[in-house]
Amino acid sequence: MEKVCLKVDIKEEREKANKKICEQGLRVLVCSGTGCKANGSDKVIEKFRQLGANVSTLTHKDKMTVIPTGCHGFCEQGVLVIIPEFHTTYVKVKLEDVEEIVNSHLVGGKPVERLLYTDPASGRKISKSDEINFYAKQTRTALKNCGKIDAESIDEAVAVGGYEALAKVLENNDPDAVITEIENSGLRGRGGGGFPTGRKWRSVSRYKGGKSYVICNGDEGDPGAFMDRSVMEGDPHKLLEGMAIAAFAIGSDEGYIYVRAEYPLAVHRLRIAIKQAEERHYLGDNIFGTDFSFHIHIKEGAGAFVCGESSALIASIEGERGMPRPKNIHMAERGLFQRPTLLNNVETFANVPLIILNGAAWFCSMGTEKSKGTKTFALTGEVNNTGLIEVPMNTTLRQIVFDLGGGIRNGKKFKAVQIGGPSGGCLTEEHLDLPMDYETLKSVGAMVGSGGLVVMNEDTCIVEVARFFMNFTRQESCGKCTPCREGTKNMLAILTKITEGKATMEDLDTLEELAHVVQVSSLCGLGKSAPNPVLSTLRYFKDEYIAHIKDKKCPAGVCKALQKYVIDPEKCKGCSKCARNCPVGAISGEVKSPFKIDENKCVKCGACLSGCPFKAIDKV
């Protein structure tokens with residue numbers, strides 16, 4: 001195909017954008033993602049702007065501009081403030097800290113040491129982000145601009161290369177070459193399934209000569225997962241550009257971003273980004289002055305977990321109840337409104353512009369033979385450093401937990417990681433050195449899933465973890481198919497019996513049998529993956545299940561019904577405070593003599609334990 005002459009020069013646009021940024025003077029980047037907003041970042045930003053308006057004594061800048069950014073990733077340390085000019089990152093900044101930062105550092109040149117990050121291992125204060133293990137050990141591609149630009153400014157997106165990849169493919173005017181590049185990159189769907197992205201694009205592109213659609217799945221319903229949200233909030237133009245490139249490749253002129261309504265900030269910034277891009281002719285009609293047009297709409301979902309499943313998501317966009325459909329006909333042939341449809345998630349689309357600009361070989365240089373590139377993970381649970389990370393797919397679980405995560409809190413012992421949320425599985429100490437790629441995780445009964453990582457320590461009850469996720473999937477089941485609707489309900493009932501010490505070994509056999517039935521006979525991916533947490537924990541922690549059933553004991557001391565409170569007669573002084581605190585009268589005795597607890601009356605509230613002045617009561 002012949003090259004096309006673009007009527008918009010994106011390189012010239014980038015030069016203009018960078019000139020505007022240079023005119024901002026000293027840039028102060030304040031995290032304005034959802035997490036930091038909850039910690040008061042809006043007030044921090046306003047205070048910086050109030051004080052910065054009068055800052056004229058800076059040695060090398062005559063003005064200061066405060067930039068509200070997307071999520072920096074290090075959520076536990078918010079509100080985060082970065083001053084790139086001074087290579088300084090401040091953590092846990094509060095409203096009352098702003099004046100000290102301005103006066104001491106921005107004006108006086110002396111950093112505020114108490115607000116610098118403290119390394120948990122060495123106790124050393126660190127000022128530069130790239131020296132903090134949490135950041136230093138990452139390879140940020142999809143998240144590269146998050147926390148570094150104003151997410152509501154198209155100039156800031158263009159200044160870091162935004163829409164250059166789209167301009168490149170439009171100028172080359174070769175849709176097939178775009179698909180080939182994505183195929184050669186080895187990019188796989190980052191929503192959990194790991195299906196080859198290029199192969200999906202190729203299959204949709206075969207249906208030419210009519211209407212087709214591009215859909216971005218931004219539903220992200222897993223508990224604790226917020227990777228896609230951070231991209232939409234922090235770098236929305238990268239997502240829009242990736243969708244536009246995909247639309248050009250398959251011959252589509254219309255797309256949808258499906259976002260859950262619980263992501264109001266993401267929706268707000270996406271709307272702003274779409275409007276700005278259309279005004280610049282980067283989206284909408286005649287993009288870059290060519291014949292290519294592409295319009296993007298936002299569809300807000302009601303928060304149903306099942307709508308993360310492709311056919312249920314499409315039903316929701318069409319105005320129907322979000323319920324899965326049998327997949328006897330592929331979406332590439334008949335998807336949204338019975339037309340050929342391409343669906344990828346946010347992170348997948350965010351990687352596309354980078355592959356187009358840097359080449360497939362660049363992307364292939366990261367990861368493993370079959371799992372190329374990087375993957376974002378939401379690292380939560382019992383680690384010192386929680387937050388959003390992005391690492392090559394050959395990174396091991398040990399590196400994530402102990403290098404980026406800073407190890408287990410309070411010196412506790414590592415026990416397990418639940419990966420992939422309700423659809424994932426459990427990894428144990430024996431898996432710490434396995435790479436976090438699709439094939440390896442599948443071989444040990446887990447999956448990458450959406451990328452949620454919940455780290456557990458020795459005090460975690462594995463049975464309760466399985467019960468928690470089963471309760472979630474039971475509530476989120478759409479109820480359309482019997483295996484999922486009834487199977488998850490009955491599995492939850494058995495798990496509850498186990499945590500209450502009322503189950504038998506026959507119940508355990510039934511639980512495992514049910515899990516396999518639900519796994520193979522459910523209609524959609526939600527039901528098929530719902531038993532994963534149960535099956536993986538049975539595989540690696542069956543002894544804990546047996547302890548609950550046979551010994552009527554929770555090894556972690558978590559399950560309330562199996563807890564037992566005892567009074568040590570050697571330590572008890574007979575003060576009677578425990579008896580007076582007990583709400584059900586389960587404690588009796590005489591003053592100045594050891595008291596006793598009636599197990600049949602005890603409701604396990606713990607009032608006696610917390611109120612004993614002599615530490616004479618233990619929970620066993």
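Heavy atoms only: backbone and side chains are in, while hydrogens, waters and symmetry mates are out.
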Taking the side chain as every heavy atom from C-beta outward, state whether T180 and R202 have any atom pair closer than 4.5 Å. yes

Would E15 and K19 satisfy salt bridge (charged side-chain N to carboxylate O under 4.0 Å, His left out), going step by step from the backbone distance to the final call? CA-CA 6 Å; E15 289 179 7; K19 185 178 179 181; over 6 Å; no

Is a side-chain donor-acceptor pair under 3.5 Å present for Y258 with S316? yes

N-O pairing of E13 and R280 below 4.0 Å: yes

With a 4.0 Å cut-off on N to O distance, would you call R199 and E183 a salt bridge? no

In a check of side chain to side chain contact (heavy atoms under 4.5 Å, CB included) between F294 and each of V214, I245, L240, which one passes? V214

Decide yes or no for R190 and K375: does some side-chain heavy atom of the first lie under 4.5 Å from some side-chain heavy atom of the second? yes

For residues 139-192, which residue pairs pass the ring pair (Phe, Tyr, Trp, His ring centres under 6.0 Å) check, not counting sequence neighbours? Y163-H237, Y163-Y282

Would you call K3 and E171 a salt bridge, using N to O less than 4.0 angstrom? no

Non-hydrogen side-chain atoms of F248 and N173 separated by less than 4.5 Å: yes

To the closest 0.5 Å, what do you measure between CG (N133) and CD (Q138)? 10.5 Å

Using a strict cut-off of less than 4.0 Å between a Lys/Arg side-chain nitrogen and an Asp/Glu carboxylate oxygen, indicate whether K168 and E164 qualify as a salt bridge. no

Can you list the residues that meet the side chain to side chain donor-acceptor pair (under 3.5 Å) rule with H268, with sequence neighbours excluded? none

Are K370 and D437 close enough for a salt bridge, meaning some N to O gap below 4.0 Å? no

Could you check whether E318 pairs with R325 (Lys NZ or Arg NE/NH1/NH2 to Asp/Glu carboxylate O, under 4.0 Å)? yes

I'd like to know if the side chain of D285 pairs up with that of H295 as donor and acceptor (distance under 3.5 Å, no hydrogens or angles considered). yes

Not counting sequence neighbours, list each pair that qualifies as a salt bridge (Lys or Arg N to Asp or Glu O under 4.0 Å) and has a residue in residues 70-81. E76-R409

Ring centers of F288, H281 separated by less than 6.0 Å: no

Cut-off 3.5 Å, side chains only: do H105 and Y90 have a donor facing an acceptor? yes

The criterion is ring-ring contact (aromatic ring centres under 6.0 Å, His included); which residues satisfy it with Y438, sequence neighbours excluded? none

Can you pull the ring pair (Phe, Tyr, Trp, His ring centres under 6.0 Å) pairs that have at least one residue in residues 182-232, sequence neighbours excluded? Y213-F337

Counterpart residues, salt bridge (Lys or Arg N to Asp or Glu O under 4.0 Å), relative to E278 (two or more places apart): none

Are E156 and D150 packed together at the side-chain level, in the sense that at least one heavy-atom pair is separated by less than 4.5 angstrom? yes

Check this for me, if you would: do D235 and K148 make a salt bridge, where the nitrogen-to-carboxylate-oxygen distance has to be below 4.0 angstrom? no

Do L26 and L106 have side-chain heavy atoms sitting under 4.5 Å apart? yes

Does a salt bridge link R188 with E439, judged by any charged N lying under 4.0 Å from a carboxylate O? yes

Any salt bridge linking D253 with K211? Criterion: basic side-chain nitrogen under 4.0 Å from a carboxylate oxygen. yes

